[in-house]
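Count residues from 1 along the sequence. All values below come from the heavy atoms of this structure, side chains included, with hydrogens, waters and symmetry mates left out. Computed from a predicted structure; not experimentally measured.
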Amino acid sequence: MPTTLTVEQPGEAPIKFRARYRTRPWTGSPYYAYRLGYKQWSAELVHHKLYLQNPPSEIEHFEVSHGYNLAMVSRTIPVAVSPGIFRVGLGLVIGHPEGRIRGKAINPVKSLLGGGYHISGLCLQAAIGPKLGVAEHWFFRPEAKITAAWARMPLAGGGTATVPNIALHTLFGFGYRSQR
């Protein structure tokens, strides 16, 4: 969904506009998600990617493709009238912006996590999917989720890019559970 991208750089007027992104799940590093759970709780990492599609003239290129990573803790909520699983979660955005704005590269920026990755903001998720058992302990899990995130990422040379994102994800995974 389009959201407002704001770029602030020292000595320059802010750039603020309604940004549209593509995710390109199979380009470069592919889109992926990992989840590890115990009872109703799970830890999850979604490697989400954003490529700006409608840059204004000051932005030559902007993407968060090494990851608009969503690191979340989720809880499954039982729904009595549904055979599916409903999950809600909260977490952090770990971002890695790349590109050129006003003729200057916006990366790399030293980071606590290393490699240009920054703890940049917060995220929420709501997800739903059916239970599909395959064998005694193995299962498949298709899932649809919506994520809402807000992130502020530092830029080389100073300044920040504020990159909110609302996205719909469809996933298909497999897993193992120790008890049925």
Side-chain angles (χ1 to χ4, degrees), residues 1-8 14 16-25 28-54 62-99 109 111-113 115-132 139-155 160-175 177:
M1 294 179 63
T3 55
T4 302
L5 172 62
T6 305
V7 176
E8 296 174 318
K16 188 173 185 175
F17 67 103
R18 192 113 170 117
R20 289 189 320 271
Y21 301 98
R22 297 227 184 226
T23 60
R24 300 181 192 162
S29 177
Y31 174 97
Y32 59 83
Y34 294 109
R35 181 169 46 232
L36 181 62
Y38 180 73
K39 297 189 178 184
Q40 295 89 6
W41 292 94
S42 61
E44 184 172 356
L45 175 68
V46 177
H47 177 70
H48 188 36
K49 306 181 331 173
L50 304 177
Y51 295 87
L52 181 62
Q53 295 301 296
N54 63 327
F62 183 81
E63 63 185 60
V64 190
S65 60
H66 277 54
Y68 192 95
N69 299 297
L70 309 174
M72 298 174 280
V73 172
S74 299
R75 180 165 168 78
T76 301
I77 298 173
V79 180
V81 296
S82 171
I85 294 172
F86 181 68
R87 177 186 327 282
V88 294
L90 172 68
L92 298 173
V93 177
I94 301 169
H96 188 288
E98 300 177 55
V109 177
S111 63
L112 177 66
L113 301 176
Y117 291 90
H118 301 269
I119 297 173
S120 306
L122 298 173
C123 61
L124 303 167
Q125 78 164 336
I128 190 162
K131 299 176 187 178
L132 298 175
F139 63 90
F140 285 112
R141 173 82 32 83
E143 183 175 86
K145 73 171 70 198
I146 187 165
T147 57
W150 178 91
R152 179 172 285 150
M153 300 175 197
L155 304 177
T160 60
T162 302
V163 189
N165 182 255
I166 299 171
L168 177 64
H169 307 253
T170 54
L171 299 101
F172 185 79
F174 63 93
R177 63 179 159 258

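- The environment of Leu168 atom CG is dense: over 12 non-hydrogen atoms of other residues, nucleotides or ligands sit within 6.0 angstrom.
- Residue pairs satisfying the salt bridge (Lys or Arg N to Asp or Glu O under 4.0 Å) criterion with at least one member in residues 77-91, sequence neighbours excluded, are listed as follows: Arg87-Glu143.
- Residues Tyr31 and His48 form a side-chain contact, since some pair of their non-hydrogen atoms from C-beta on lies under 4.5 Å apart.
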Which donor-acceptor pairs under 3.5 Å do the side chains of residues 91-98 make with protein atoms, sequence neighbours left out?
{"residue": "His96", "atom": "NE2", "partner": "Gly115", "partner atom": "O", "Å": "2.9"}
{"residue": "Glu98", "atom": "OE2", "partner": "His66", "partner atom": "ND1", "Å": "2.4"}

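- Take Thr147 and apply the side-chain hydrogen bond (donor to acceptor under 3.5 Å, both in side chains) test, not counting sequence neighbours, and it matches His169.
- Phe172 pairs by the side chain to side chain contact (heavy atoms under 4.5 Å, CB included) definition with Phe140, Pro142, not counting sequence neighbours.
- Considering only heavy atoms from C-beta on, Val163 comes within 4.5 Å of Phe62 through its side chain.
- Other residues, nucleotides and ligands contribute at most 12 non-hydrogen atoms within 6.0 Å of the CG atom of Leu36.
- By the side chain to side chain contact (heavy atoms under 4.5 Å, CB included) test, Val73 pairs with Trp41, sequence neighbours left out.
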What pairs of donor and acceptor atoms, side-chain ones from residues 16-23 against any protein atom, are under 3.5 angstrom apart with sequence neighbours left out?
{"residue": "Arg18", "atom": "NH2", "partner": "Pro2", "partner atom": "O", "Å": "3.4"}
{"residue": "Arg22", "atom": "NE", "partner": "Gln53", "partner atom": "OE1", "Å": "3.4"}

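- Heavy-atom minimum distance, Pro164 versus Thr3: O-OG1, 2.8 Å.
- The side-chain hydrogen bond (donor to acceptor under 3.5 Å, both in side chains) test applied to Arg141 returns no partner, not counting sequence neighbours.
- Contact record, His118 with Ser111: CE1-CB, 3.3 Å, taken as the closest heavy-atom pair.
- Residue Ile128 holds its CD1 atom at 11.0 Å from CD1 of Ile77, rounded to the nearest 0.5 Å.
- Taking the side-chain hydrogen bond (donor to acceptor under 3.5 Å, both in side chains) definition, one finds that Ser65 meets it with Glu63, sequence neighbours left out.
- The ring-ring contact (aromatic ring centres under 6.0 Å, His included) test applied to Tyr34 returns Tyr32, not counting sequence neighbours.
- In this structure, OG1 on Thr76 lies 7.0 Å from CD on Gln40, to the nearest 0.5 angstrom.
- Judged as a side chain to side chain contact (heavy atoms under 4.5 Å, CB included), and not counting sequence neighbours, the contacts of Ala33 are Val46, Leu171.
- The side chain to side chain contact (heavy atoms under 4.5 Å, CB included) search around Ala144 returns none, not counting sequence neighbours.
- Taking Ser74 as the reference, Gln125 meet the side-chain hydrogen bond (donor to acceptor under 3.5 Å, both in side chains) condition, with sequence neighbours excluded.
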